[in-house]
Student: 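Pasting in a structure now, in structure tokens, and then I'll have a few things to ask.
None of these values were measured; they are calculated from a predicted model. Labels below follow one simple rule: chain letters A, B, ... track the order of the sequence lines, proteins then strands, and each chain is numbered from 1.
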Amino acid sequence: MSSVAPQKAVAAPDARHAVDILEAAFGRLYEFMMLLACLLLLVIVGSITLDVLLRNVEITGLPRGFPASNDISEYALYFCTLLGAPWLLRAGQHIRVDIVLRAIPSKLAYGCEWLSDVMALAGCVVLAWMGVVMTFKSYASDAIQIKSIVIPEWWVMTPIPVVFALLAIEFTFRMRRLAHGPKEPRSDAVSAA
Amino acid sequence: QEVQIRLVTAFPENTAFSQEVVKWSERANAQGKGLVKISFIGGPRAIPTFEIGNAVKSGVVDMALSPGAFYTNVFPEADMLKMSQIPIAEQRNNGAVEYINKVWNEKGNMQYLARMVEGYPFHIFLTKKVEKLDLTGKKIRVSPAIRPAVQTLNGNVINIPPGEIYTALERSVIDGYGWSVGGIFDLNLASHTKFRIDPGFYDADVSLIMNLDKWKAMTPQQRAFIQKMAMEMEANTAYWRKEGEDEKKKQIASGIQPLTFSPTETAKYLDAVYEAGWADLIKSSPVHGPKLRVLLSKKP
Amino acid sequence: MSAWILPAWLLLGGSTLLLFVGLPVAFAFLVTNLVGAWIYLGGEAGLGQLVRNSVVAVTSFSLTPIPLFILMGEILFHTGLAVKVIEGVERLIAGVPGRLAVVAVVAGTVFSAISGSTIATTAMLGSLMVPVMLQRGYHPTMATGPIMAIGAVDMLIPPSALSVLLGSLANISISGLLIGGIVPGILLSIGFVVWIVLRSAMNPSLAPATEFNHFHGWQRFKPFFKYVLPLLSIFGVVVGAMVAGWCTPTESAALGVVATLVIAFAYRALSLEALMKSLRGTIAISGMILLIIMGATTFAQILTFSGASNGIVEAITGTGLGPMAIIAGMMLILIFLGIFVDQVSMMLITIPIFMPIVQKLGVDPIWFGIMFLMCMQMGLLLPPHGLLLMTMKGVAPSSVSMGHIFRAVVPYVVMSMLLLTAMFFFPPLATWLPGIMK
Ligand code: NA
Ligand code: NA
């Protein structure tokens with residue numbers, strides 16, 4: 001996909017039905033997460049640039065280099081990935097291969113859409129649950145991550161159950177949209193960069 | 001009944017450490033036919049390096065070859081093995097291994113089987129000469145394991161992934177790096193290295209660990225056999241000491257000069273480096289830290 | 001039957017099936033991974049390890065250039081600087097047959113040196129230039145072909161998010177791949193220009209020479225010096241910073257972003273709205289790629305765990321075929337895959353199997369990596385499913401048919417194929433530049 005193409009997929013639906021209102025509310029949550037991800041992206045740029053600058057230019061009073069920039073970028077990249085995921089699913093921007101769906105009869109393709117949504121939903125539920133289990137285990141064992149910055153490991157684990165739970169919820173909304181939509185394959189994104 | 005044991009290593013499959021443990025597992029399989037069967041799964045492409053401890057703890061793998069530095073996220077005491085100043089044979093006698101196993105059992109659900117590598121210390125490698133044991137103004141790439149040591153020498157620590165060290169050196173992004181005595185040829189770092197500070201400090205504590213549940217589930221006969229094979233591995237640590245010495249010769253041959261200093265300065269440097277390392281470790285483990293320090297350090 | 005055959009079918013066959021049933025790529029891997037982890041990593045503990053490995057997979061400094069490179073291109077396109085580039089190039093080029101098509105290729109090459117997105121480049125040039133070219137009597141194949149071709153080349157010339165991804169997944173030097181893409185990228189770009197000029201000279205009806213506004217003296221060069229050259233200096237920052245001694249690939253990507261922002265700001269083109277659009281566009285593309293990486297990295301681990309990776313590698317290297325035959329076979333597989341699936345999936349499906357073979361054969365990974373990139377580049381153009389063909393159809397006026405588009409890319413695909421073949425028999429085409437920069 002390209003952001004040059006219009007992005008209007010997260011438009012609020014008509015607030016006629018309670019589920020529609022709920023769906024719109026989740027849409028706003030995804031928007032907020034997207035905004036956080038955008039800010040983290042700037043944090044990545046800023047911290048790496050600061051590191052390079054301090055390392056090469058001596059500024060009195062400031063240390064030579066900003067060693068934490070490495071860890072900050074790594075964690076921020078991971079958080080960006082998860083924060084953007086539900087928004088992308090709502091927008092139909094998680095790329096897929098639809099060559100078979102376009103080739104087979106549209107009724108059959110519509111059936112495949114249901115099958116894939118059910119499998120993805122199940123996968124997200126399992127991952128969200130295992131995420132809870134693993135985050136709790138990490139918390140209970142006081143595990144810490146020792147890099148340039150030292151943090152409790154469960155801080156890093158927590159987004160997994162949260163985001164996969166959101167993805168599971170979004171897959172149910174997605175199936176509802178499928179049920180109300182035309183009986184044919186969706187036009188989701190099919191390309192990367 | 002033959003017990004199936006799944007073995008992974010924290011090092012890529014083409015490294016000397018991994019190849020040694022694969023040979024060891026083949027010997028164990030040959031001698032222990034009908035008793036144990038160790039299958040080698042792979043290196044980091046099977047289990048990410050820093051997940052190896054958790055994989056052993058949870059029983060996803062049964063046995064692993066790894067230094068403690070790679071599983072400090074399971075319990076911080078793991079990193080204390082690198083601080084040992086006395087041989088593993090002596091650690092078996094003075095109660096150190098026993099204490100290690102108590103901690104490893106309790107906190108890591110692991111049995112500490114054997115130390116494979118000894119006498120394979122870390123060194124600081126430099127592109128420019130230093131006149132004294134002080135790294136003020138120098139940018140040094142470190143791993144968390146040796147960060148306190150470099151900081152206590154006033155160096156600026158930089159944290160970049162191993163794959164980028166080569167580029168960083170050739171572009172003078174860094175003035176040096178800390179690395180174990182061997183391995184700088186594998187990453188092609190030697191071609192941009194000019195000096196090595198001697199002596200080295202700390203020690204590569206590459207060891208064999210096993211999931212505790214698996215260990216307990218084996219018959220006494222199987223446990224005895226594995227322990228016998230482990231001791232055979234441990235008896236071979238001299239091999240790595242010699243490897244380290246050979247590696248130094250190879251470094252000299254490729255133009256890397258050792259930098260040595262007066263005995264008093266050297267002693268002061270080693271004291272400072274060990275003091276900084278222990279201070280850092282004891283901060284994260286106030287109970288076991290001091291005890292292991294006594295058990296692992298050289299008697300004054 | 002060997003023990004690895006069942007897991008190979010289950011994991012590789014299973015994920016491919018899920019992919020074709022229409023699961024988003026990231027979720028196809030995710031579902032396969034859950035089943036694979038349960039069976040081969042061992043029940044609940046295995047699932048737990050899968051979760052942890054997923055976290056580790058994208059918590060990676062060497063993947064950081066991906067969003068940064070994408071952000072550079074987004075800023076270029078959302079601030080309107082791209083239009084200035086086209087203007088600057090257009091005033092310079094005069095008196096050549098197929099002038100506008102040549103302008104498109106040259107402007108596209110400049111875009112390539114700042115942007116990492118083939119689709120954005122194609123969409124931008126296609127929507128701005130194709131209508132103009134059609135209006136001036138260009139044949140639809142001459143209007144669309146060069147743009148799609150140069151859009152694909154964007155992937156070879158740094159910055160390129162896909163090169164970073166390939167380097168990171170396949171453990172090939174990232175700076176080596178980025179720098180190694182320059183020579184083939186520029187060769188293709190020159191080849192395209194030569195082809196356009198020859199073809200238009202032989203058959204002027206394809207690209208009629210029409211009146212255009214001639215600029216003279218300083219006016220002719222002003223936009224080039226004002227916009228094109230400063231923007232090209234960003235390329236200098238990214239590649240230069242890597243080569244000249246300031247920083248590593250990841251860091252040069254961050255500097256590239258800062259340089260792009262500074263230049264956009266200096267032109268008063270950087271509104272808050274443009275910045276937010278660029279950031280959102282970046283998160284959308286890189287978030288999608290990174291979620292796939294999360295699934296694919298753990299997929300490769302499970303594949304190793306199950307014994308399938310080693311089994312397949314042994315089976316292929318044990319066939320008695322020589323290294324060149326095996327490499328050629330891998331290239332054919334890649335080109336074939338490129339017809340059906342996107343570039344990220346191409347890498348994810350093949351790398352876990354291909355790279356151990358490459359290692360075992362002992363061939364130069366940079367050479368292999370650049371050829372891999374060229375196959376992906378071709379995959380963007382191959383009918384019927386090439387992504388840039390779809391992109392072009394989306395932005396071109398409706399008088400351009402899918403048939404025009406299919407025919408339009410043929411000469412450029414042939415040129416890429418020729419260059420790939422040349423590189424196969426003459427590796428310095430790929431390895432020379434990274435070699436002298438060592
Ligand atoms: Na590019
Ligand atoms: Na690209």
Student: Which heavy atom of B/I41 sits nearest a heavy atom of C/T304, and at what distance?
Tutor: O-CG2, 4.1 Å
Student: How about CD on B/Q31, more than 12 heavy atoms from neighbouring residues, nucleotides or ligands closer than 6.0 Å, or not?
Tutor: yes
Student: Atom CZ in B/R45, atom CG in C/L303: separation rounded to 0.5 Å?
Tutor: 9.0 Å
Student: Return the CD1 to CG distance between B/I47 and C/N53, rounded to the nearest 0.5 Å.
Tutor: 5.5 Å
Student: Would you say the side chain of B/V60 lies within less than 4.5 Å of the side chain of C/R52, judging by non-hydrogen atoms?
Tutor: no
Student: Given a strict heavy-atom distance threshold of 4.5 Å, which part of C/P352 is in contact with chain B: side chain, backbone, both, or neither?
Tutor: neither
Student: Among C/V55, C/V56, C/T298, which residue meets the side-chain contact (heavy atoms from CB on, under 4.5 Å) test with B/P48?
Tutor: C/V56
Student: Quick check: closest heavy atoms across C/A45 and B/S58, and the distance to 0.1 Å?
Tutor: CB-O, 3.5 Å
Student: Using non-hydrogen atoms only, which part of C/F305 is less than 4.5 Å away from chain B: side chain, backbone, both, or neither?
Tutor: both
Student: If I compare all heavy atoms of B/A46 with all of C/Q301, which pair ends up nearest, and what's the gap?
Tutor: O-CB, 3.4 Å
Student: Picking from B/G59, B/P44, B/A55, which has the most non-hydrogen pairs under 4.5 angstrom with chain C?
Tutor: B/A55
